[in-house]
Amino acid sequence: MAYIEPAPIKDKENPLESMMERFNLAAEKLGLSDEVYNVLKNPAKQVIVSLPITMDNGKIHVFEGIRVIHSNILGPAKGGIRFAPDVHLDEVKALAAWMTWKCAVVDIPYGGGKGGVRCNPREMSKGEIERLVRAYTLAMLDVFGPDKDIPAPDMGTGPREMAWLMDEYSKAHGMTVNAVVTGKPLVLGGSLGRTEATGRGVMVSALAAMQKLKINPFQATCAVQGFGNVGSWAAQLLEERGLKIVAISDISGAYHNENGINILEAIAYRDSNNGTLEGFTGAEKLSDPMDLLELEVDVLVPAAVEDVITIKNAEKIKAKLIVEGANGPTSAKADAIINEKGIMAVPDILANAGGVTVSYFEWVQNRLGYKWTAERVNRRSDRIMKDAFDHVYEASVKYNVPMRIAAYIVAIDKVAKTYTFRGGF
Ligand code: NAD
């Protein structure tokens, strides 16, 4: 395997700075004291480990593994593990803090954490990845735990990796501990409803926002960027609720049809076509896929990657409502333009929190030794998402701030109050 240089993050906005910009605005509105500000600003724990792995060619390669616990004030830390070539401590710190705010916004009893290993899983064999997951788990044995820190999948990892993690952790403890990790395969204690949970939460947030903006779903149009787990579920569920999905996109390009795209057909096409929309004939391919973001639609759902709405294109966005399925799709610098234009943006830490909510349900079911029906999972997560939207909306009215800052205010207020009751040293 080729040595992978740590990727610089120079061409993106630094995610830690982006997060801190919003955090600072919310802290100021909230009148947060300097003492509590400093507690919430700094991650509680940062662990960096070296993982020597014997590769298939017999050579030993040393990988760097990171786990950051931003906060365990509300409960055990929760957050995914990213396997990617550009994993970077600053990025992991930002993502861990985001998890703290996300869990607090939806009022689930978790703090925030995030992990990562700098590697390129696309260039690694299944055996190499398995050894890396097991080594990472053993190195983090004192960090992880159902009452301490509960990892989950993120970019480059999935149910398969979570199964190895659970197995390694369980072996080290001499018993099965399935509540140590979420996002597991169903047979190992995964939850029904987890696959569609994030897209479903996007749909609930979008409908709640449309109600406030007096947009009738049956007369509304929508464009969805990204047609993976989050984007395709959001598109399908929004279509079921009456919206006309006029554009979808993935890594192969963007596809536009003014009369509406049949989402079930698009999903079936993607699934029969190696997971991409390349060659999809139910719509016309746009010459520039980024044009999807600037279409004349009521609702825009960025559900692919970060930093797609930036100062370069924010001025040209025509949607009345943006619902952030992806993490960090809007750069902090673009926020002001979006607000100036009067566009409501339901922020990532609220709109895509359906995923962590159902992860929490997975952990609850594991601890109960019981399995809920999909109907129960969906009903409870819909209620949590709708309540969270209403709290954030109320805060946006009370503090006269956009929904993004309101979401940070709700989250920071909850963590700060809890910290004040618990006290420090
Ligand atoms: P995924 O890998 O299933 O899908 C990503 C999709 O985006 C794919 O269709 C891919 O082709 C497309 N894509 C990649 N680059 C693109 C580009 N430049 N333009 C257009 N499309 C592009 O990932 P996912 O799980 O759906 O996650 C999408 C986003 O949602 C990420 O930001 C992720 O962090 C966030 N998120 C996911 C979950 C979850 O439960 N899966 C939860 C919270 C947040």
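Atoms within a ligand are numbered from 1 in the order they appear, just like the ligands themselves. Here the structure is a predicted model, which is why all the values come from computation and not from measurement.
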Fill in the blank from the handout: Rounded to the nearest 0.5 Å, the CG atom of Leu295 sits from the NZ atom of Lys316 at a distance of 12.5 Å

Handout entry: Spacing of OG belonging to Ser205 relative to CE belonging to Met385, to within rounding of 0.5 Å
Key = 3.5 Å

Problem - Test: Arg379 cationic atom under 6.0 Å from Trp372 six-membered ring centre, within 45° of axis - result: no

Near [X], which atoms of ligand 1 are under 4.0 Å from a heavy atom of that residue?
X      : value
Phe227 : 6 (C), 9 (O)
Val305 : 15 (N)
Ala304 : 7 (O), 13 (N), 21 (N), 22 (C), 28 (C), 29 (C), 31 (C), 32 (O)
Arg194 : 40 (O)
Ala326 : 29 (C), 30 (O), 32 (O), 35 (C)

Handout entry: Residue portion contacting ligand 1 (non-hydrogen atoms closer than 4.0 Å) for Ala303
Key = backbone

Exercise for the section: Report the C-alpha separation of Val230 and Val202 in whole Å, then their side-chain angles, then the decisive distance to 0.1 Å, and conclude whether the side-chain contact (heavy atoms from CB on, under 4.5 Å) test is met. Expected result: CA-CA 8 Å; Val230 180; Val202 169; 4.2 Å; yes

Taking distance alone, with no angle check, do [X] and ligand 1 share an N/O pair under 3.5 Å?
X      : value
Gly355 : no
Arg82  : no
Asn327 : yes

Problem - Where Phe389 and Ala208 come nearest, the two heavy atoms and their spacing - result: CD2-CB, 3.5 Å

For [atom], closest protein heavy-atom neighbour:
atom                    : value
atom 8 (C) of ligand 1  : Gly228 N, 3.8 Å
atom 19 (N) of ligand 1 : Gln225 NE2, 4.0 Å
atom 40 (O) of ligand 1 : Thr198 OG1, 2.7 Å
atom 26 (O) of ligand 1 : Val230 N, 2.9 Å
atom 25 (O) of ligand 1 : Asn229 CB, 3.8 Å
atom 14 (C) of ligand 1 : Ile251 CD1, 3.9 Å

Handout entry: Carboxylate-amine/guanidinium contact Arg367 Asp147, below 4.0 Å
Key = yes

Problem - Short N-O contact, Asp56 and Arg131, less than 4.0 angstrom - result: yes

Practice task
Give a yes or no on whether atom 34 (O) of ligand 1 lies under 4.0 Å from any heavy atom of the protein.
Solution key: yes

Exercise for the section: Look up atom 2 (O) of ligand 1 and tell me if a protein heavy atom lies less than 4.0 Å from it? Expected result: no

Distance-only, no hydrogens or angles: does the [X] side chain make a donor-acceptor pair with backbone N or O of [Y] under 3.5 Å?
X      : Y      : value
Asn229 : Thr195 : yes
Asn24  : Met20  : yes
Lys78  : Ile150 : yes
Lys371 : Gly190 : yes

Exercise for the section: Look at the aromatic rings of Trp101 and Phe23 and report parallel, tilted or perpendicular, splitting at 30° and 60°. Expected result: parallel

Problem - Sub-4.0 Å heavy-atom contact, Ser249 with ligand 1 - result: yes

Practice task
Give a yes/no on ligand 1: does Met290 have at least one heavy atom closer than 4.0 angstrom to it?
Solution key: no

